[in-house]
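Structure record follows, encoded as structure tokens.
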Amino acid sequence: MGFQVYKFGGASVQNAEGVKNLVKVLEQTQVEDLVIVVSAMGKMTNALEDVVAAYFDANAKTDTIETVEAFHHNIALELFENPSAPVFKQIQALLEELKGFLQRNKSPDYNFVYDQVVIYGELLSTTIVNAFLEKEGYRTTWHDVRDYLKTDTNYREGKVDWELTMRNLSRKLPKKGIQLTQGFIASDPNGFSTTLGREGSDYTAAIIAYCLNAERVTIWKDVPGVLSADPRYFEHATLLNFISYQEAIELAFYGASVIHPKTLQPLQRKEIPLFVKSFLNPEQPGTQVSVGTLIEPLIPCYIRKTDQVLIALSSLDFSFMAEENIGEIFKLLGMFKMKVDLIQNSAISFSVCVDNKYKNLDALVAKLRADFKVTVHENVSLYTLRHATDEALAKLEKDKEILLKQVMQNTVQLVSL
């Protein structure tokens, strides 16, 4: 079997048992030439976000670096038992490096500081996983992915410099043996850390696979594969055995959480198949994403995005919402970094459902009120139904207060309180 890329997310290495299970996956799959991409352990990205929040607001009730330290120390203690094992010094060195940055930093840029801090989740997790693999007899090589993946200076959403990244990976990262590195993180032209957006570890795996012409990519998750719905929100979620690249990109665009939206495009370009499999049952086939049939089985797929904001606009003088009005609205949405998930307009109104990721809603609304009548609904849910049937739509609409509905060829979207 040829060169492959494995990605293990935070849920797969959330504790010592998860790290041990990663070894079991390697034992069962028996892939010799492999790049392993690992995310931060459990909810450590969230904990490090709290560290950033506390850095900017001393009164914030958040997790501290000591919390992060204790979490990783306890996992290492379960795995290695001997507190004098070299991995404990490696963990401490990374944490001292993090503390040093926070003491030296002069930048007031939240996004810059965010990227310099949260990257330690991945550095800590891969340090522990690599040491445990070596303890179990695996000959692995740990790599700092920031030496390979290069982006621009758009912190928290770094845009990949594909030419430089491909040159770095093809020249410096071996395709033989087991290589271990981090997901989600990269570096800019000045050597500062950047991140690829939340859930960006899948994207990292795809970038590496594309640049090194991997045979396949496998994302190991705590679900049996890609499901027709998130079982937390919907009953009767069904495993999808096969999805085409096109359909998977559509599902990702609408917010399906199993596959990162940017992951699929580089894989599609080189027709590298993607498998989504269970790290608890690695022998099961999971879901394959590649060239072929649209989706199998062909059934309705439900997607829910929470914590959305619906903004309804109309002109102050009851005039038409002309092109110049809509152009100005989109300019402001871009200025305030609002991710647009749904739009609907008529002659006299314009509605948009957005993700307030950067917490700029108040500033945006203040600008909009200068020219428009504005109604805001916060904390709404956006539902998307792919391959809709009348029965599935009726089931979705039941007992919901629907603020907006949009029907397309085989997709229906609802915004609901």
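Given the structure is predicted, the values throughout are model-derived calculations rather than measurements.
With hydrogens and angles left out, the side-chain atoms of H73 and E78 include no donor and acceptor closer than 3.5 Å. Between the side chains of Y114 and D109, no donor-acceptor pair is found at a separation under 3.5 Å. For S201 and T204, the side-chain atoms include no donor-acceptor pair closer than 3.5 Å. Using a 3.5 Å distance cut-off with no hydrogens or angles, the side chains of Q246 and E250 do not pair a donor with an acceptor. For the 3.5 Å distance criterion, the side chains of Q413 and T384 qualify, holding a donor opposite an acceptor. Side-chain atoms of T389 and E391 form no donor-acceptor pair, as typed in the model, at a separation below 3.5 Å. Using modelled atom types and a 3.5 Å distance limit, the side chains of Y120 and E97 yield a donor-acceptor pair. Side chains of W142 and T126: a donor on one and an acceptor on the other come within 3.5 Å.
You'll find the side chain of S125 stays beyond 4.5 Å of the side chain of F8, heavy atoms only. Contact of the T151 side chain with the D161 side chain is not registered, since no non-hydrogen atoms from C-beta on lie closer than 4.5 Å. In this structure, the side chains of N356 and F336 stay at 4.5 Å or more apart for every pair of heavy atoms. A heavy-atom distance below 4.5 Å is found between the side chains of T29 and W220. No side-chain heavy atom of R139 sits under 4.5 Å from any side-chain heavy atom of I178. Looking only at side-chain heavy atoms (C-beta outward), E122 and M44 stay at 4.5 Å or farther from each other. Residues I272 and L274 have side chains not in contact (no heavy-atom distance under 4.5 Å, counting atoms from C-beta outward). M338 places none of its side-chain heavy atoms less than 4.5 Å from the side chain of D355.
The closest donor-acceptor contact from the side chain of N281 to the backbone of Q284 lies at 3.5 Å or more, if one exists at all. Although no hydrogens or angles enter the test, the distance criterion places a donor-acceptor pair under 3.5 Å between the side chain of K400 and the main chain of L396.
Judged as a side-chain hydrogen bond (donor to acceptor under 3.5 Å, both in side chains), and not counting sequence neighbours, the contacts of S187 are K150. S84 meets the side-chain hydrogen bond (donor to acceptor under 3.5 Å, both in side chains) test with N82; sequence neighbours excluded.
The only member of V217, L34, I207 that meets side-chain contact (heavy atoms from CB on, under 4.5 Å) when paired with V5 is V217. Considering N21, V31, I36 as possible partners of L26, the one that fulfils the side-chain contact (heavy atoms from CB on, under 4.5 Å) test is I36. Tested against T195 for a side-chain contact (heavy atoms from CB on, under 4.5 Å), the candidates D115, N111, T45 yield a single pass: D115.
Taking the charged nitrogens against the carboxylate oxygens, D202 and K7 do have a contact shorter than 4.0 Å, which makes a salt bridge.
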Full working for salt bridge (charged side-chain N to carboxylate O under 4.0 Å, His left out) between K176 and D33: CA-CA 5 Å; K176 293 291 183 181; D33 300 322; 3.6 Å; yes
CA sep, side-chain torsions, deciding dist, call: E136, K20, salt bridge (charged side-chain N to carboxylate O under 4.0 Å, His left out): CA-CA 9 Å; E136 294 297 300; K20 292 175 182 177; over 6 Å; no
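The distance from the NE2 atom of H387 to the OG atom of S228 is 10.5 Å, given to the nearest 0.5 Å. R304 CZ to S416 OG: the interatomic distance, rounded to the nearest 0.5 Å, is 8.5 Å. Note that the CD1 atom of I75 and the CZ atom of F80 stand 11.0 Å from one another [nearest 0.5 Å]. The structure places OH of Y254 at 11.5 Å from NZ of K305, a figure rounded to the nearest 0.5 Å. To the nearest 0.5 Å, atom CD of residue Q308 and atom CG of residue L403 are 12.5 Å apart. Between T218 atom OG1 and R216 atom CZ the span is 4.5 Å, to the nearest 0.5 Å.
In summary, the aromatic rings of Y383 and Y302 are positioned with their centroids too far apart to meet the 6.0 Å limit. The ring of F56 has its center closer than 6.0 angstrom to the ring center of Y110.
Applying the ring-ring contact (aromatic ring centres under 6.0 Å, His included) test to every pair with at least one member in residues 25-52, sequence neighbours left out, gives no pairs at all.
The minimum heavy-atom distance linking K262 with L196 is given by the pair NZ-O, 2.7 Å. Looking at every heavy atom in both residues, K221 comes nearest to V276 through CD-CG1, 3.9 Å.
Within 6.0 Å of the NZ atom in K357, the count of heavy atoms belonging to other residues, nucleotides or ligands exceeds 12.
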